[in-house]
> 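Quick one: the structure is below, and I'll ask about it shortly.
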Amino acid sequence: MLRLDESFLLGKYKKAFKTVSKEGTPIETLFNLMFRENLIDGLLTYSKEKGKVVPKLILREGEFLQPQVPFGFGLNSLLKKAIQKYRLSKLAVFGTSCVLDGLNKTQYYGIGCNWVKTAVALKVGQLCLGNITEEGIRALLLHLKGRGEKLKRAFIEERELIFQTDKGKLKIPMEVLHKYILSACRYCLNLSSRGSDITYVQKERENEGLFIIRSERGWYTVAKLQKRAPGELKLKGAGQEEVDSLVSLLREKILLNIDSIIDRVEIGLPVPKWSGNKLRKFYRLWNSIETSDFEEEVF
């Protein structure tokens, strides 16, 4: 049987760091410094624009405003424009795990992989418990509070997902969130953005977060920025307790997603984003009475 432990839920990583930025959020500071040091010539991400969250191609320092809310769509549609129209050769991408999954497939399997493979300089994934529309947010808040509230930001704190609204803070039960996220998100098993160079987790204070460094490229980038601008972005190793609390929250949500997958398999319905072969392999592993080895990229 698959073990829902740290290796499955977080995947392979080198080290987790608590990070504090001098101004703005840590992820805004990271990309601003990368522009300043000429490590990237463009950033493909979601940004705030006139109160809306929109996919945006950013070409200079200071233009990126992190939304900090769990909705955003259409990011990969700008990838071709970034590389073919603007001829960017050092592009950074910041998005949720589905964005990174799509990018990785394009890089290694898709049409045009030759130019995408060499043009992406850094992939930063955001820990994501499910994408949700603005209408879904309103319905969820009505479900929990019985009144309309405006979501200002979402963050992870002590094994809980917290929504900060205009009326205060609210703990979001995973079983309630599961009902309102997009249907495809209910079948995702990559909540921690495996396949990225760095996974970012937003914390309660806007200038604090968690960087989970996964690759040599991610490690080199952060180390270089620390050396060039030590006061802008401060990093301190995260303790095992911090990692364990994150794993606990991911496990709770993954179990709900697995239930949704198994339900559809057993009644013979297709599952979004899953091929029949992958479903059969996962189903066999999940229902096996023996502990099974697996590669994190399989699912």
Side-chain angles (χ1 to χ4, degrees), residues 6-22 24-46 58 61 64 66 75-76 79 82-83 88-108 116-128 156 190-203 207-240 242-243 246-247 250 295-297:
E6 182 180 318
S7 64
F8 183 84
L9 296 168
L10 281 183
K12 297 174 184 176
Y13 67 96
K14 296 182 177 298
K15 193 172 179 63
F17 290 97
K18 291 182 178 179
T19 177
V20 180
S21 56
K22 186 176 180 180
T25 70
I27 205 69
E28 289 171 353
T29 301
L30 174 74
F31 291 125
N32 283 334
L33 289 174
M34 290 185 75
F35 273 117
R36 192 179 307 169
E37 298 298 329
N38 199 32
L39 296 179
I40 55 174
D41 54 10
L43 169 62
L44 191 59
T45 187
Y46 301 108
I58 292 166
E61 178 186 347
F64 173 44
Q66 185 197 348
L75 188 59
N76 278 348
L79 183 61
I83 298 172
L88 301 180
S89 60
K90 295 183 289 185
L91 179 68
V93 180
F94 174 53
T96 53
S97 59
C98 51
V99 170
L100 273 297
D101 287 345
L103 175 60
N104 288 336
K105 288 176 182 177
T106 302
Q107 283 189 291
Y108 301 115
V116 176
K117 190 180 296 184
T118 57
V120 176
L122 190 72
K123 294 180 281 191
V124 182
Q126 188 165 11
L127 184 129
C128 176
I156 306 294
N190 185 13
L191 307 183
S192 61
S193 291
R194 299 189 302 263
S196 61
D197 297 303
I198 301 171
T199 295
Y200 176 66
V201 184
Q202 182 68 46
K203 307 300 283 186
N207 70 328
E208 293 182 1
L210 193 69
F211 280 178
I212 301 173
I213 311 295
R214 298 188 177 277
S215 69
E216 288 292 340
R217 185 165 66 174
W219 188 276
Y220 167 80
T221 300
V222 170
K224 190 168 186 177
L225 295 178
Q226 279 280 282
K227 184 177 180 180
R228 299 276 184 89
E232 298 290 325
L233 197 63
K234 297 180 179 179
L235 278 77
K236 179 181 179 182
Q240 189 60 41
E242 182 95 20
V243 175
L246 193 58
V247 167
L250 291 172
E295 294 291 333
E296 66 176 45
E297 292 80 11

> Which residues satisfy the side-chain hydrogen bond (donor to acceptor under 3.5 Å, both in side chains) test with Asn207, sequence neighbours excluded?
none

> With rounding to the nearest 0.5 angstrom, report the CG to CG distance, Asp101 to Asn104.
6.5 Å

> Is NZ or CZ of Arg194 both nearer than 6.0 Å to the six-membered ring centre of Phe8 and within 45° of the ring axis?
yes

> Would you compute the distance between atom OG1 of Thr221 and atom CG of Leu122 and round it to the nearest 0.5 angstrom?
5.0 Å

> Can you name the nearest heavy-atom pair linking Phe35 to Asp41, along with the distance?
CE2-C, 3.9 Å

> Does Lys224 qualify as a cation-pi partner of Tyr220, given the criterion of NZ or CZ under 6.0 Å from the six-membered ring centre and within 45 degrees of its axis?
no

> Distance-only criterion, 3.5 Å: show the donor-acceptor pairs between side-chain atoms of residues 225-239 and protein atoms not counting sequence neighbours.
unit_1, atom_1, unit_2, atom_2, d
Gln226, NE2, Leu233, O, 2.0
Arg228, NH1, Glu37, OE1, 2.4

> Starting at CG of Leu210, measure out to OH of Tyr200 and round the result to the nearest 0.5 Å.
9.5 Å

> Once you round to the nearest 0.5 Å, how far does CG of Leu246 lie from CD1 of Ile212?
5.5 Å

> Assess whether side chain to side chain donor-acceptor pair (under 3.5 Å) is satisfied between Gln202 and Gln66, documenting all intermediate values.
CA-CA 11 Å; Gln202 182 68 46; Gln66 185 197 348; 3.3 Å; yes

> Between Lys12 and Glu6, does any side-chain N to carboxylate O distance fall below 4.0 Å?
no

> Looking at Lys123 and Asp197, is any side-chain nitrogen of the basic one under 4.0 Å from a carboxylate oxygen of the acidic one?
no

